[in-house]
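Shown next, in structure tokens, is the structure this report addresses.
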Amino acid sequence: MSYARNLLSRGEEVVFESRQHWFAVLGQTWPFVIGAVLAFAVLIWSSTSDSNTILQILQIVSLVVLIVSGARIALTIWGWRNQEYLVTTRRLIKA
């Protein structure tokens, strides 16, 4: 990220740029991925079944779980993509 270079003091140079491994994202999001897959499976199953009140409630709950899981996964990936570590000659910057 270029704005972090503006934070460098006189004589300081960037030695190494990095971000967390993608396994860190996987570790935070795996319950939401499983929840989204199960919610999608329930939506598919309940759409082929007879329509009654319990199945309609189950469809609504599954849709909410699917939306929340998708949002959580997207926010985690977005945060991972925008977080970078810069090692300089004098310090570590978490940008």
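All values reported here derive from a predicted model rather than from experimental measurement.
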Inset, instruction - Given side chain to side chain contact (heavy atoms under 4.5 Å, CB included), test Gln83 with Lys94 step by step and report yes or no. - result: CA-CA 7 Å; Gln83 185 176 14; Lys94 182 179 176 184; 2.4 Å; yes
Legend entry - Atom pair CG (Leu43) and CD1 (Ile60), whose distance is rounded to the nearest 0.5 Å: 10.5 Å
Legend entry - CZ-CG distance between Phe16 and Leu92, expressed to the nearest 0.5 angstrom: 11.0 Å
Inset, instruction - Is it possible for you to say whether Leu38 and Val42 belong to one hydrophobic cluster, with membership spreading through side-chain heavy-atom contacts below 4.5 Å? - result: no
Inset, instruction - Before giving the answer on side chain to side chain contact (heavy atoms under 4.5 Å, CB included), spell out for Trp30 and Ile34 the whole-Å C-alpha distance, their side-chain angles and the decisive distance to 0.1 Å. - result: CA-CA 6 Å; Trp30 70 267; Ile34 292 172; 3.5 Å; yes
Inset, instruction - Mind checking the CD1-CG spacing from Ile57 to Asn52? Nearest 0.5 Å is all I need. - result: 9.0 Å
Inset, instruction - Output, in order, the C-alpha distance, side-chain angles, deciding distance and verdict of side chain to side chain contact (heavy atoms under 4.5 Å, CB included) for Glu13 and Leu8. - result: CA-CA 7 Å; Glu13 297 177 8; Leu8 299 178; over 6 Å; no
Inset, instruction - Hey, could you give me the CD1/CG distance between Ile73 and Leu26, rounded to the nearest 0.5 Å? - result: 10.0 Å
Inset, instruction - Using the side-chain contact (heavy atoms from CB on, under 4.5 Å) rule, pick out the option among Val65, Val64, Leu63 that qualifies with Ile67. - result: Leu63
Inset, instruction - Using modelled atom types only, decide if a donor and an acceptor are shared between the side chain of Ser47 and the backbone of Ile44 within a distance under 3.5 Å. - result: yes
Inset, instruction - Identify whether Val61 and Leu66 are in the same connected component of the hydrophobic contact network (ILVMFWY, side-chain heavy atoms under 4.5 Å). - result: no
Legend entry - Which atom of Arg90 lies closest to which atom of Ser9, heavy atoms considered: NH1-OG, 3.1 Å
Legend entry - Close side-chain approach of Trp22 and Ile77, heavy atoms under 4.5 Å: no
Inset, instruction - Would you confirm whether Arg72, through its side chain, and Thr29, through its main-chain N or O, come within 3.5 Å as a donor-acceptor pair? - result: no
Inset, instruction - Examine Phe32 and Trp80 and state if one hydrophobic cluster contains both, with Ile, Leu, Val, Met, Phe, Trp and Tyr joined whenever side-chain heavy atoms are less than 4.5 Å apart. - result: yes
Inset, instruction - Determine the minimum heavy-atom distance between Glu84 and Glu17, stating which atoms define it. - result: OE2-OE1, 3.2 Å
Inset, instruction - Give a yes-or-no answer on whether the side chains of Thr88 and Glu12 include a donor-acceptor pair shorter than 3.5 Å. - result: yes
